[in-house]
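Some notes on the structure that comes next.
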Amino acid sequence: MSQWPGAYFEAAFSGREVFFRTGEGDVHLRVTVDGQAVSVLRPGHGLHRIGGLADGDHRLRIEIVSENQTAPINFEGVFGVPARAKVVAPRARQIEFIGDSHTVGYANTSSVRDCSDEAVWETTDTGAGIAGVLARRYDADYQVNAISGRGVVRNYGGVARDTLPQAYPFTLFDKQVWYADAAWRPQVIVVALGTNDFSTELTSDERWKSREALTNDYEIAYAAFLRGLRLRSPDAHIVAWGGEGSEMAAASQRVVARLRAEGDARIVFAPVAGMGLTACHWHPDLADDRAVAAAVAAILDMDADLWAGR
């Protein structure tokens, strides 16, 4: 069961066909075999067959490319009968991505800015976005903890839902089960939060009476969130990024400077210039996703010991 975006499943098998089962929930999947796209589908509940393969060893990957805030998605497994299943070892490198719609890949494959809700859903592709680009560059497993419309202290338009830091510790958005995975020890954490805190005007019924008050609360809360990430991952390289010149980027950069002044030398801010934002509702497009990934990679590649032994 999964609700955070960007989940994927991999299996190795030997044979001419393989099956997988999806449970309840509306989901948009990309299926690849041996790195080649087999289909992009919206399968619904049921058993699905991938056949017509050459006899031999294969690697199957199933990615959830859509965002599903309303309910979790059930993925019920891969079945290889009569194929012969093989063990898939996890990658040694791990990258965690934390953010909002920009990290989700909200409508990033769209070529227009004016979109319906259905068009947004159909053109969102987390795996083609920042997370997928960087993970493929470094042959890393990745985890995406991002929700469109959520901020650090304030959501888009002041909507009264959990902020990202409030939702982050849990396996699902119902907050019933705390997330825990002893095998998840990311060497890199990429964070971008704040766009939704600042992108809309304050309304009279919100608790902040000025942008200055909002900014102050944001910086205090974002610093606390990043300190918490550091406690959980003491050796990870944390890269916070933001679109150059934005209110969010300026505030985020001040937060990172504060943490570095406190002695955290492994947190860095990456400004990203020249984003086109041509996807739905002025969101990053695929070129922007690659630009963000390149800005983050330029920082990571300066640390020769980042992936030592991995």
Side-chain angles (χ1 to χ4, degrees), residues 2-7 67-72 96-107 120 124 126 129-131 143-180 186 189-233 238-243 246-256 258-259 267 269 281-284 292:
S2 174
Q3 195 165 14
W4 293 98
E67 183 177 17
N68 302 280
Q69 291 191 28
T70 56
E96 182 168 335
F97 298 85
I98 302 171
D100 49 36
S101 55
H102 293 195
T103 299
V104 168
Y106 178 104
V120 169
T124 294
T126 305
I130 300 159
Q143 179 174 293
V144 179
N145 294 97
I147 309 176
S148 294
R150 308 301 173 91
V152 174
V153 295
R154 179 177 184 259
N155 296 323
Y156 182 83
V159 173
R161 295 180 181 173
D162 287 333
T163 62
L164 197 287
Q166 289 171 329
Y168 174 79
F170 298 96
T171 301
L172 301 175
F173 296 173
D174 62 9
K175 301 193 295 185
Q176 296 300 302
V177 178
W178 290 83
Y179 173 77
I189 303 174
V190 180
V191 193
L193 284 170
T195 297
N196 293 303
D197 296 81
F198 299 113
S199 60
T200 54
E201 294 297 322
L202 291 168
T203 61
S204 59
D205 59 347
E206 294 186 75
R207 71 176 188 265
W208 304 279
K209 301 309 176 186
S210 68
R211 302 293 283 191
E212 292 76 14
L214 171 61
T215 300
N216 184 64
D217 276 4
Y218 165 85
E219 292 186 15
I220 292 170
Y222 198 22
F225 180 67
L226 293 173
R227 290 190 194 102
L229 295 179
R230 173 58 70 216
L231 287 173
R232 193 202 66 182
S233 302
I238 299 176
V239 181
W241 68 270
S246 67
E247 193 173 3
M248 168 268 194
S252 179
Q253 191 164 14
R254 287 193 295 270
V255 170
V256 170
R258 180 186 307 176
L259 298 182
I267 184 168
F269 181 78
H281 308 141
W282 292 81
H283 274 76
V292 173

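Minimum interatomic distance between Tyr106 and Ser148 (heavy atoms only, all atoms of both residues): CD1-OG, 3.5 Å. The two residues Pro72 and Leu172 make their nearest non-hydrogen contact at CB-CD2, 3.9 Å. Contact record, Thr171 with Tyr179: OG1-CA, 3.5 Å, taken as the closest heavy-atom pair. The two residues Val255 and Leu226 have their closest heavy-atom pair at CG1-CD1, 3.9 Å. The nearest pair of heavy atoms linking Arg232 to Pro186 is NH2-CG, 3.8 Å. Across all non-hydrogen atoms, the minimal contact from Ser204 to Lys209 is O-NZ, 3.4 Å.
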Distance-only donor-acceptor hits, side chain of residues 193-200, under 3.5 Å, sequence neighbours excluded:
| residue | atom | partner | partner atom | Å |
| --- | --- | --- | --- | --- |
| Asn196 | ND2 | Arg150 | O | 2.8 |
| Asp197 | OD1 | Val152 | N | 2.8 |
| Asp197 | OD2 | Val152 | N | 3.1 |
| Asp197 | OD2 | Val153 | N | 2.8 |
| Asp197 | OD2 | Arg154 | N | 3.0 |
| Ser199 | OG | Thr195 | O | 3.1 |
| Thr200 | OG1 | Arg154 | NH1 | 3.2 |
| Thr200 | OG1 | Arg154 | NH2 | 3.3 |
| Thr200 | OG1 | Gly157 | N | 3.0 |

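A distance of 10.0 Å separates CZ of Arg161 from CD1 of Ile147, quoted to the nearest 0.5 Å. For the atom pair CD (Glu219) and CD (Gln253), the distance works out to 11.0 Å, reported to the nearest 0.5 Å. If you take CD1 on Ile267 and CZ on Arg227, they are separated by 10.0 Å, rounding to the nearest 0.5 Å. Here the CZ-CD1 distance, from Phe97 to Ile130, works out to 8.0 Å after rounding to the nearest 0.5 Å. For the atom pair CD1 (Ile238) and OG (Ser233), the distance works out to 7.0 Å, reported to the nearest 0.5 Å. The OH atom of Tyr218 sits 12.0 Å away from the OG1 atom of Thr163 when rounded to the nearest 0.5 Å.
A 4.5 Å side-chain heavy-atom check between Val292 and Pro284 finds every atom pair outside the cut-off. Taking 4.5 Å as the limit, some side-chain heavy atom of Tyr222 sits within range of a side-chain heavy atom of Val191. Using a 4.5 Å heavy-atom threshold, the side chains of Ile98 and Leu164 count as touching. Contact of the His102 side chain with the Trp241 side chain is registered, since non-hydrogen atoms from C-beta on lie closer than 4.5 Å. Side-chain contact between Trp4 and Asn145 is present, with at least one heavy-atom pair separated by less than 4.5 Å. No side-chain heavy atom of Val120 sits less than 4.5 Å from a side-chain heavy atom of Glu67.
Side-chain atoms of Ser252 never come within 3.5 Å of backbone atoms of Met248 as a donor-acceptor pair (strictly under, hydrogens ignored). The closest donor-acceptor contact from the side chain of Thr126 to the backbone of Gly105 lies at 3.5 Å or more, if one exists at all. Checking side-chain atoms of Glu96 against main-chain N and O of Val190 turns up no donor-acceptor pair under 3.5 Å.
Heavy-atom neighbours of Arg207 CZ from other residues, nucleotides or ligands within 6.0 Å: above the threshold of 12.
Partners of Ser101 according to the side-chain hydrogen bond (donor to acceptor under 3.5 Å, both in side chains) rule, which considers only residues two or more places apart in sequence or in another chain, are His283. Take Asp174 and apply the side-chain hydrogen bond (donor to acceptor under 3.5 Å, both in side chains) test, not counting sequence neighbours, and it matches no residue. Taking Phe269 as the reference, nothing meets the ring pair (Phe, Tyr, Trp, His ring centres under 6.0 Å) condition, with sequence neighbours excluded. In this view, Phe170 and Lys175, Trp178 satisfy the side chain to side chain contact (heavy atoms under 4.5 Å, CB included) rule, not counting sequence neighbours. Partners of Asn155 by side-chain hydrogen bond (donor to acceptor under 3.5 Å, both in side chains), not counting sequence neighbours: none found.
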